[in-house]
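Reading through the structure tokens given below for one structure.
Just so it is clear, the model here is predicted, and its values are computed rather than measured. Every heavy atom of this structure was used, including side-chain atoms; hydrogens, water molecules and symmetry mates were not.
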Amino acid sequence: MLSRKNKILAMKVISLFSVVRGYNIPIIVLAQYLSAIFILAPEKRALDILLDFNLLLIVFASAITIASGYIINNFYDSQKDLINRPNKSMLDRLVSQKTKLSVYFTLNFIAVLMALIVSWRAFLFFSLYIFLIWFYSHKIKKYPIIGNLTAALLAVIPFFAILLYFYNKISFEEIEDHMSHFAVISAHAMFLFLLLLIREMIKDLENLKGDLVNNYKTIPIIYNETTSKQIITVLTFLTILPVYILINIYDVGFMDIYFYICFVVMLFFLLYLWKSNSKGQYLLLHNVLKFLIVSGVFCIVLINPSVLWHGKSLLLKS
């Protein structure tokens, strides 16, 4: 049996895990590595990418920067979360605000140190990224439209860190040779950005009560829920553009199956959205979007599933 002291320590560890949303971190790491192997550097050996020490530092710096971002966001949203997420909020409060800030600064220090080991450019990139996360949590997220856009952009930025890592040595003369590759990457990024933006707007509908009490100027508060639903509908149909580019212009292998399924799911998503008017219904829609985003990470392997079927030979292929 654990002593009372050990039980308290265990609960605080669980609380901190909840604050940094530790269940998301492995997904972020996996998404970055799969993106590197299947999208950003398909011409490289998978083993070379997995054993690249500098890439490991970039991925790990991204993961802990995002974890620190969750902490500072939790710090500023503590009052709002008491209303919107009372159960999670009570668990998160087992760790003091002082401890959260200490962990926040420690994680950021480790992130920029790792980035500095890679290059001064990586150091500047992560320093700016950390600042943007803080500024978003402190100021921007309280405002409509720009808050939603910034939140979605911040979620996509770690993939730009990987992109810059692989392409920072390309000369201007070589850029033209990589234009089609950049187009594929941009289309993937745009699709993810739109899904994340839709999710942020669903969260505004879901958290309407807490946002109103804490004077957050979100779209459903300034305008109304119908306006939010109209914008979400437009954004949903905009996802057709990057999907069309990926399926009909470029080759994404069997991942087109994922995009077709997404299209069908999003149609039902819209039908349910217009019937929704409660927190529970919006939470269900939020979880549907989470599922599409997470499943999209795993479906990256469908671009070239032979990496799974013949993993050993591909990993060792020179």
Side-chain angles (χ1 to χ4, degrees), residues 9-36 53-78 80-81 84-85 87-118 122-141 147 150-165 192-193 196 199-200 203 286 290 293-294 296-298:
L9 179 61
M11 288 301 297
K12 287 186 176 182
V13 170
I14 294 172
S15 174
L16 190 59
F17 183 84
S18 172
V19 170
V20 303
R21 303 187 191 180
Y23 42 84
N24 283 343
I25 304 303
I27 298 296
I28 293 167
V29 171
L30 179 64
Q32 288 182 300
Y33 269 114
L34 290 179
S35 298
F53 180 68
N54 284 338
L55 178 60
L56 172 65
L57 292 178
I58 291 292
V59 170
F60 196 69
S62 299
I64 62 176
T65 298
I66 292 170
S68 72
Y70 284 133
I71 293 175
I72 199 64
N73 194 58
N74 178 276
F75 179 84
Y76 284 113
D77 281 355
S78 58
K80 185 181 78 167
D81 288 343
N84 292 329
R85 299 178 180 85
N87 294 332
K88 184 179 185 301
S89 181
M90 294 306 295
L91 176 62
D92 294 349
R93 282 172 171 258
L94 293 177
V95 175
S96 68
Q97 297 288 69
K98 181 180 178 181
T99 300
K100 290 176 186 175
L101 285 180
S102 297
V103 175
Y104 167 74
F105 286 115
T106 301
L107 290 178
N108 284 337
F109 175 77
I110 294 172
V112 294
L113 181 62
M114 288 181 169
L116 185 59
I117 293 173
V118 176
F123 172 80
L124 290 178
F125 180 93
F126 279 97
S127 296
L128 180 59
Y129 186 35
I130 290 168
F131 171 77
L132 286 174
I133 291 175
W134 168 79
F135 192 59
Y136 162 77
S137 299
H138 181 55
K139 288 286 185 182
I140 298 177
K141 74 175 303 180
T150 304
L153 179 62
L154 289 173
V156 175
I157 282 180
F159 296 97
F160 286 99
I162 305 295
L163 175 65
L164 292 175
Y165 174 73
L192 176 60
F193 175 80
L196 290 167
R199 190 190 69 167
E200 289 301 319
K203 283 168 63 178
H286 184 181
K290 273 186 177 181
I293 293 169
V294 173
V297 171
F298 291 97

- [ ] Would you check, one step at a time, whether the test side chain to side chain contact (heavy atoms under 4.5 Å, CB included) holds for Leu116 with Phe126?
- [x] CA-CA 9 Å; Leu116 185 59; Phe126 279 97; over 6 Å; no

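- At least one side-chain heavy atom of Pro158 sits under 4.5 Å from a side-chain heavy atom of Tyr129.
- Taken from CZ in Phe298 to CG in Leu30, the straight-line distance is 5.0 Å, to the nearest 0.5 Å.
- For Tyr104, the side chain to side chain contact (heavy atoms under 4.5 Å, CB included) partners are Ser68, Ile71, Ile72, Asn108, Ile130, Trp134, not counting sequence neighbours.
- Residue-environment remark: CZ (Phe75) exceeds the threshold of 12 foreign heavy atoms within 6.0 Å.
- Taking OH of Tyr165 as the start and CG of Leu55 as the end, the distance is 5.5 Å to the nearest 0.5 Å.
- Annotation for Phe193 and Ala152: closest pair CE1-CB, 3.6 Å, computed over non-hydrogen atoms.
- Residues Leu124 and Leu128 are not in side-chain contact: their nearest non-hydrogen atoms beyond the backbone lie 4.5 Å or more apart.
- Taking CD1 of Ile66 as the start and CG of Asn73 as the end, the distance is 12.5 Å to the nearest 0.5 Å.
- Inter-residue side-chain proximity for Phe53 and Leu57 is flagged as met; some heavy-atom pair is nearer than 4.5 Å.
- Taking both residues in full, the closest heavy atoms of Met114 and Phe60 are given as CE-CD2, 3.0 Å, listed atom of the first, atom of the second, then distance.
- Nearest heavy-atom pair, Ile64 versus Leu107, reported as atom, atom and distance to 0.1 Å: CD1-O, 3.6 Å.
- Using cut-offs of 30° and 60° on the angle between ring planes, the pair Phe135 and Phe131 is parallel.
- At least one side-chain heavy atom of Tyr33 sits less than 4.5 Å from a side-chain heavy atom of Leu56.
- In plain terms, the two heavy atoms of Ala161 and Ser62 that are nearest each other are CB-OG, 4.4 Å.
- Across all non-hydrogen atoms, the minimal contact from Ser35 to Ala31 is OG-O, 2.7 Å.
- The distance from atom CD1 of Ile133 to atom NZ of Lys141, rounded to the nearest 0.5 Å, is 12.0 Å.
- Taking CG from Leu196 and CG from Leu154, the interatomic distance works out to 10.5 Å, rounded to the nearest 0.5 Å.
- Considering OG1 of Thr150 and CG of Leu132, their distance stands at 8.5 Å, rounded to 0.5 Å.
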